[in-house]
Amino acid sequence: MALIVQKFGGTSVGSVERIEQVAAKVKKFRDNGDDIVVVVSAMSGETNRLIDLAKQISEQPVARELDVMVSTGEQVTIALLAMALIKIGVPAVSYTGSQVRILTDSAHTKARILQIDSQHIHKELKAGRVVVVAGFQGVDDGGNITTLGRGGSDTTGVALAAALKADECQIYTDVDGVYTTDPRVVAKAQRLDKITFEEMLEMASLGSKVLQIRAVEFAGKYSVPLRVLHSFQEGPGTLITLDEEESMEQPIISGIAFNRDEAKLTIRGVPDTPGVAFKILGPISAANVEVDMIVQNVAHDNTTDFTFTVHRNDYHNALHVLEGIARDMGAREVIGDVDIAKVSIVGVGMRSHAGVASRMFEALAKENINIQMISTSEIKVSVVIEEKYLELAVRALHTAFELDAPAGKGD
Ligand code: ASP
Ligand code: MG
């Protein structure tokens, strides 16, 4: 008998019919003899609707009151799911975050979980009930309702699984697992049976938005086995784990992530003196712009070129700051480029295999794709290329690293 925490997102509980389908699913696990704690989000669209309501009163609603209001979305779904379970003969009981006592700090709308009291839940489970817990919400030590930030129900699920020492945390969603890359770009993308937390974090932060990043971090930190599954289709999903077992069949690269969210800025002909990087990036960070990749070229004629990428939303701001810096430093020119994309190969197998980066560069060269910037970490190689080649690059890399589904398997 296992203890399983199951989290269902907004679309999975988006209507009464769906809630009844979720109840039927939970019942199946229960009939197997497992203890089940279910975490639910608000019905899809509900949190947005509530926030819109608040904004009709004030553009900047008081955060404490906003939390009191948006937490009601999840309060509705826990009650409905508990009713649906009871209707089909499964003893169930709903709990809000504060009833469980999911203790958080007092940072309304972006609170962090400090501690979870598992006493009530264990008592209910012992009495044979399924416990349905509201995601996304907690309570601070003053008794104020707090929320964890958008998409926070994933974090609730993982945190509860950690606190209860559950055997597995299952995240049910509208995809059947984590894929080698976006199936909309590569038809032969495959569902991964397994991926490590580290790889998942790289994939998530690079734009594969299956799970809230914070939830993955949390699961890694507390070693909670996490599984992503489709809410209404049968299948094993993808297990996110700690272990990096090496097998012959295990591909070196687990996946290919990409995004179009960045822009590139270059300052040319900067005097090459100590402190240049700081003189350039100091004001950029002072303007609250986060920098991703950085390249400084070898000095030539005592001047150097310095290139970095920022989020596209920050592009104009960064360009403006950089033009000021160029004037102050007597640099030759500033060039900006928004038509770029970043492609990354991710895999823990890189640690034990040489030549992964060169295989990547070879695959891109064969397609005549020019690499503008490169960065590497222990389990990732990223390149910046011209945006119009993005899909071609992802497909070429997917094939080069033998990730393509066998004929007939991909769809
Ligand atoms: N209902 C919240 C949101 O829409 C939390 C969640 O869905 O995870 O952000
Ligand atoms: Mg969600």
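Both counts, for ligands and for their atoms, begin at 1 and track the order of listing.
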query = Gln170 and Tyr172: side-chain donor and acceptor closer than 3.5 Å?
reply = yes
message = Looking only at side-chain N and O atoms, does Glu202 offer a donor or acceptor that is under 3.5 Å from a partner on Ser344?
response = no
ask   = Taking NZ, NE, NH1 and NH2 as the nitrogens, is one of them in Asp193 or Arg191 under 4.0 Å from a carboxylate oxygen of the other?
value = yes
remark   = ligand 1 to Arg150, heavy atom cutoff 4.0 Å, flagged ligand atoms 3 (C), 4 (O), 9 (O)
Check whether any N or O atom of [X], backbone or side chain, sits under 3.5 Å from an N or O atom of ligand 1, and answer yes or no.
X: Glu74; result: yes
X: Gly151; result: yes
X: Ser153; result: yes

key: Ser106: which of Asn144, Asp140, Asp141, Thr146 passes side chain to side chain donor-acceptor pair (under 3.5 Å)   = Asp140
note = dist Thr181:OG1 -> Met203:CE (nearest 0.5 Å) comes out at 6.0 Å
message = Looking at ligand 1, is there an atom of it that comes within less than 4.0 Å of some heavy atom belonging to Gly73?
response = no
